[in-house]
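Computed over heavy atoms, backbone and side chain alike; hydrogens, waters and symmetry mates excluded. Treat the numbers as computed from the prediction; the structure is a model and nothing was measured.
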Amino acid sequence: MKTIKGPALFLAQFASDDAPFNDWGNITGWAADCGYEGVQVPSWDKRLFDLETAAGSRDYCDDFKGRAAENGIAVTELSAHLQGQLVAVHPAYDIAFDGFADASVQGDPKARQDWAVRQVRMALEASRNLGLNAMGAFSGALAWPYVYPWPQRPEGLVEAAFDELAARWRPILDHAEDMGVDICFEIHPGEDLHDGATFEMFLDRVDQHARARMLYDPSHYVLQCLDYIANLDDYAERIGMFHVKDAEFNPTGRQGVYGGYQSWADRAGRFRSLGDGQVDFGAVFSKLTTMGFDGWAVVEWECALKHPEDGAREGAQFVRDHIIRVTERAFDDFADGGADDAANRRMLGLEGRDG
């Protein structure tokens with residue numbers, strides 16, 4: 001067993017043009033003031049991080065880490081979620097996802113994909129230069145528009161989508177191996193990797209690549225009515241990152257999993273600040289600790305109701321209260337009477353008997 005690191009905070013939901021959220025030094029100082037010991041960095045946000053420079057300069061990365069350390073903050077991981085999304089985009093989402101890309105490639109799906117692949121590769125290189133061994137990402141999606149089979153999916157459609165998805169990611173995973181960095185795909189609705197079954201379909205096509213791992217976030221499983229504790233047992237060896245995010249699912253006679261096109265506040269399933277939802281985090285932290293997960297517990301604030309700064313401050317203490325400092329001895333060691341092979345044989349009634 002190992003003690004989970006934390007608390008840490010994912011900065012994507014907090015970076016903005018307003019102080020203190022528009023500057024690396026200030027935002028890490030604010031995070032420390034909230035009670036955090038680490039931050040997860042959105043690699044696309046140039047207000048905080050210069051990805052291209054970081055990919056090529058260890059000096060830049062050392063300075064970047066050093067400025068955070070002055071505030072008592074560690075860099076836990078980079079996130080390449082938005083760029084990973086653009087590695088595979090179904091044409092139905094071209095317009096919606098164009099805004100994730102640099103203006104120079106918007107409106108050109110092939111150029112946008114090439115740009116996204118370069119971005120993810122640079123994020124891996126930057127992770128290496130920062131001394132990190134894991135990076136978060138989305139997988140992107142080609143089959144998602146066909147998730148509900150009506151009309152029925154033609155034979156081979158899903159297989160072709162996953163063949164193509166794997167073909168796009170395999171060279172990136174090989175680069176991840178060269179960099180010594182795991183790509184932890186966040187298992188998330190809207191992605192082709194949205195549950196265990198789809199993750200396994202992907203793994204089969206990338207030959208069980210050792211660098212393809214999971215970013216575990218139980219909130220996305222609550223909203224799918226998936227057993228998020230059993231998921232930990234099923235994929236213990238593949239879980240490389242952990243987002244601490246809460247959610248609730250309260251179906252009614254009017255709506256269920258699909259949400260009826262309602263706003264987040266009016267959906268049966270919605271994200272909540274930590275402690276305000278239905279995730280059994282006592283069980284989650286206990287299971288991860290038993291598994292030997294020694295990564296960071298990273299708060300991802302997403303709530304339909306609560307102010308983000310309140311959610312962030314409460315989240316730091318929530319995680320701190322749930323991290324289990326593992327014991328170095330058994331609770332009943334005080335009653336240990338000592339033993340040796342001869343004593344064990346006597347206790348079993350075997351002393352002096354043949355065989």
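Counting only N and O atoms by type, the side chains of Thr28 and Asn71 include a donor and acceptor under 3.5 Å apart. Side chains of Asp266 and Ser263: a donor on one and an acceptor on the other come within 3.5 Å. Side-chain contact of Gln83 with Ser43: a donor-acceptor pair under 3.5 Å is present, judged by distance alone. For the residue pair Asn129 and Glu125, no side-chain donor N or O sits within less than 3.5 Å of a side-chain acceptor on the partner.
To the nearest 0.5 angstrom, Gln224 atom CD is 10.0 Å from Ser219 atom OG. Atom OG of residue Ser79 and atom CE of residue Met241 lie 7.0 Å apart, to the nearest 0.5 angstrom. Atom OG of Ser127 and atom CE of Met122 lie 12.0 Å apart (nearest 0.5 Å). In this structure, the separation between NZ on Lys287 and OH on Tyr228 is 12.5 Å, given to the nearest 0.5 Å. The CG atom of Leu274 lies 11.0 Å from the CG atom of Asp321; values are rounded to the nearest 0.5 Å. If you take CG on Asp310 and CG on Leu305, they are separated by 12.5 Å, rounding to the nearest 0.5 Å.
Remark: the backbone N or O of His209 is not paired with any side-chain donor or acceptor of Asp207 at under 3.5 angstrom. Side chain of Thr3 to backbone of Val326: a donor-acceptor contact under 3.5 angstrom is found. Side-chain atoms of Asp246 come within 3.5 Å of backbone N or O of Gly275 as a donor-acceptor pair. Without hydrogens or angle criteria, Gln262 side chain to Arg267 main chain gives no donor-acceptor distance under 3.5 Å. Panel note: side chain Arg128, backbone Leu124; no donor-acceptor pair is recorded below 3.5 Å. Side-chain N or O atoms of Arg270 include one that pairs as donor or acceptor with a backbone N or O of Ala265 at under 3.5 Å. No donor-acceptor pair under 3.5 Å is formed between the side chain of Ser57 and the backbone N or O of Thr53. A donor-acceptor pair under 3.5 Å links the side-chain atoms of Lys5 to the main chain of Asp294, judged by distance alone. Counting only distance, with no hydrogens or angles, the side chain of Gln113 and the backbone of Ala111 share no donor-acceptor pair below 3.5 Å. Looking at Asp192, its side chain does come within 3.5 Å of a backbone N or O of Leu142 through a donor-acceptor pair.
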Full working for side chain to side chain contact (heavy atoms under 4.5 Å, CB included) between Glu302 and Arg272: CA-CA 6 Å; Glu302 291 182 357; Arg272 299 297 308 276; over 6 Å; no
Worked verdict on Ser139 versus Val87 for side chain to side chain contact (heavy atoms under 4.5 Å, CB included): CA-CA 7 Å; Ser139 67; Val87 170; over 6 Å; no
Derivation of the side chain to side chain contact (heavy atoms under 4.5 Å, CB included) call for Glu186 and Glu191: CA-CA 9 Å; Glu186 184 163 1; Glu191 310 303 314; over 6 Å; no
Trace of the side chain to side chain contact (heavy atoms under 4.5 Å, CB included) decision for Leu288 with Ile4: CA-CA 8 Å; Leu288 284 167; Ile4 297 170; 3.8 Å; yes
Stepwise salt bridge (charged side-chain N to carboxylate O under 4.0 Å, His left out) check, Arg47 with Asp17: CA-CA 8 Å; Arg47 291 168 296 197; Asp17 292 330; 3.0 Å; yes
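Using a 4.0 Å cut-off between charged side-chain N and carboxylate O, Asp341 and Arg345 make no salt bridge. Classification of Asp217 and Lys245 as a salt-bridged pair holds, one side-chain N sitting under 4.0 Å from a carboxylate O. Salt-bridge formation is detected for the pair Asp276/Lys306: a Lys NZ or Arg NE/NH1/NH2 atom is positioned less than 4.0 Å from an Asp or Glu carboxylate oxygen. Here Arg170 pairs with Asp174 in a salt bridge; the nearest charged N to carboxylate O distance falls below 4.0 Å. The residues Arg168 and Glu164 are annotated as salt-bridged, a charged nitrogen and a carboxylate oxygen being separated by less than 4.0 angstrom. Comment: Glu37 engages Arg320 in a salt bridge, judged by a side-chain N to carboxylate O separation of less than 4.0 angstrom. Under the 4.0 Å criterion applied to side-chain N and carboxylate O atoms, Glu237 and Arg213 are not assigned as salt-bridge partners. In summary, Arg112 and Asp102 do not engage in a salt bridge, as defined by a charged side-chain N under 4.0 Å from a carboxylate O.
Dense packing is recorded around CD of Glu159, with more than 12 heavy atoms of other residues, nucleotides or ligands lying under 6.0 Å away. Environment of CD in Gln152: sparse, with no more than 12 heavy atoms of neighbouring residues, nucleotides or ligands closer than 6.0 Å.
Shown here for Ala126 and Phe49, the closest heavy-atom pair between the two residues is CB-CZ, 4.1 Å. The shortest non-hydrogen separation linking Ala8 to Thr76 is CB-CG2, 3.8 Å. Here the closest non-hydrogen pair linking Gly140 and Leu165 is O-CD1, 4.2 Å. Closest of all the heavy-atom pairs between Ala137 and Ile183 is CB-CG2, 4.1 Å. The two residues Trp30 and Ala312 come nearest to each other via the heavy atoms CH2-CB, 3.9 Å. Pairing each heavy atom of Ala101 with each of Gln106, the nearest pair is O-NE2, 3.0 Å.
Residue Phe285 forms a ring-ring contact (aromatic ring centres under 6.0 Å, His included) with just one option from Phe318, Phe242, Phe293, Tyr216, and that option is Phe242. Each of Glu300, His220, His188 was scored for a side chain to side chain contact (heavy atoms under 4.5 Å, CB included) with His243, with one residue passing: Glu300.
Between Glu52 and Asp50 there is a side-chain heavy-atom pair separated by less than 4.5 Å. At a threshold of 4.5 Å between non-hydrogen side-chain atoms, the residues Met214 and Phe199 count as touching. With a 4.5 Å cut-off on side-chain heavy atoms, Phe271 and Trp301 do not count as touching. Residues Gln278 and Asn250 form a side-chain contact, since some pair of their non-hydrogen atoms from C-beta on lies under 4.5 Å apart. Put simply, the side chain of Glu200 does not reach to within 4.5 Å of the side chain of Asp234, judged on heavy atoms. Looking at heavy atoms from C-beta onward, Asp227 lies in side-chain contact with Ile229 at the 4.5 angstrom threshold. The side-chain heavy atoms of Val298 and Leu9, taken from C-beta on, include no pair separated by under 4.5 Å. Within the 4.5 Å cutoff, no side-chain heavy atoms of Leu86 are placed close to those of Tyr93.
Hydrophobic clustering places Val319 together with Leu11 (ILVMFWY residues linked when any side-chain heavy atoms are closer than 4.5 Å, directly or through intermediates). Under a hydrophobic clustering in which Ile, Leu, Val, Met, Phe, Trp and Tyr are joined whenever their side-chain heavy atoms come within less than 4.5 Å, directly or via other members, Leu223 and Val284 fall into the same cluster. Grouping the Ile, Leu, Val, Met, Phe, Trp and Tyr side chains by contacts below 4.5 angstrom, directly or via other members, places Ile27 with Phe64. The hydrophobic cluster containing Phe202 does not contain Val147, counting ILVMFWY residues as joined when their side-chain heavy atoms lie under 4.5 angstrom apart, directly or transitively. Hydrophobic clustering of Ile, Leu, Val, Met, Phe, Trp and Tyr side chains at less than 4.5 Å, counting indirect connections, unites Met179 with Val41.
Ring pair His194/Trp144 is perpendicular by interplanar angle, where above 60° counts as perpendicular and below 30° as parallel.
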